[in-house]
Asks: 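Quick one: this structure, given as structure tokens, is what I'll be asking you about.
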Amino acid sequence: LAGLHTCGSVFRNIDTLLAGAELDKLGAKQWRVGGAFVAPVHANVIATEEGCNGSDILALMQKMQHALQQQTQTEPAK
């Protein structure tokens with residue numbers, strides 16, 4: 001992650017369910033919305049590039065959350 005501007009880890013692990021591993025299985029390392037993208041090194045980290053705004057980050061987080069819910073059949077944390 002050296003050299004990247006990141007938002008850090010986005011999702012918590014639940015017991016033995018590792019969010020990064022599940023996102024990696026879904027191919028999330030290729031996902032991008034505007035200037036926000038999933039870090040190529042770790043699928044649970046959102047990175048940003050110049051021109052990124054909060055809406056880009058939020059939209060990517062929502063895409064990731066929806067995919068995780070579908071993959072793992074879990075509900076979002078309250």
Asks: Tell me whether W31 shares a hydrophobic cluster with V45, the cluster being built from Ile, Leu, Val, Met, Phe, Trp, Tyr side chains joined at under 4.5 Å.
Replies: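 Different clusters.
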
Asks: Looking only at non-hydrogen atoms, find the nearest pair between N13 and A19 and report the distance.
Replies: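 Residues N13 and A19, closest heavy atoms: OD1-N, 2.9 Å.
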
Asks: Let me know which of K29, H42, M64 forms a side chain to side chain contact (heavy atoms under 4.5 Å, CB included) with L23.
Replies: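 When side chain to side chain contact (heavy atoms under 4.5 Å, CB included) is applied between L23 and each of K29, H42, M64, only M64 qualifies.
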
Asks: For the pair N44 (side chain) and S9 (backbone), establish whether a donor and an acceptor sit closer than 3.5 Å, ignoring hydrogens and angles.
Replies: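 No, N44 side chain to S9 backbone: no donor-acceptor pair under 3.5 Å.
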
Asks: According to side-chain contact (heavy atoms from CB on, under 4.5 Å), who are the partners of T72, at least two apart in sequence or on a separate chain?
Replies: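 For T72, the residues satisfying side-chain contact (heavy atoms from CB on, under 4.5 Å) (neighbours in sequence not counted) are L17, E22, T74.
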
Asks: For a quick test of reading the model, state the closest non-hydrogen atom pair linking L60 to V38 and the distance between them.
Replies: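 Where L60 meets V38 most closely, the heavy atoms are CD2-N, 3.9 Å.
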
Asks: Mind listing the closest non-hydrogen atom pair of L4 and P40 along with its distance?
Replies: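 It is CD1-CD, 4.2 Å.
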
Asks: Apply salt bridge (Lys or Arg N to Asp or Glu O under 4.0 Å) to K63 and list each qualifying residue two or more places apart in sequence or on a separate chain.
Replies: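 K63 satisfies salt bridge (Lys or Arg N to Asp or Glu O under 4.0 Å) with no other residue.
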
Asks: Under the side-chain contact (heavy atoms from CB on, under 4.5 Å) criterion, do N53 and D56 qualify, and how do the steps go?
Replies: CA-CA 5 Å; N53 60 48; D56 296 342; 3.5 Å; yes

Asks: Starting at CZ of F11, measure out to CD1 of I46 and round the result to the nearest 0.5 Å.
Replies: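 The CD1 atom of I46 is 6.5 Å from CZ of F11, to the nearest 0.5 Å.
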
Asks: Return the minimal non-hydrogen interatomic distance between F37 and R32, and the atom names on each side.
Replies: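 It is CD2-NH2, 3.6 Å.
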
Asks: Work out which heavy atom in A43 is nearest to a heavy atom in G20; give both atom names and the distance.
Replies: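 In terms of heavy atoms, the two residues are closest at CB-O, 3.5 Å.
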
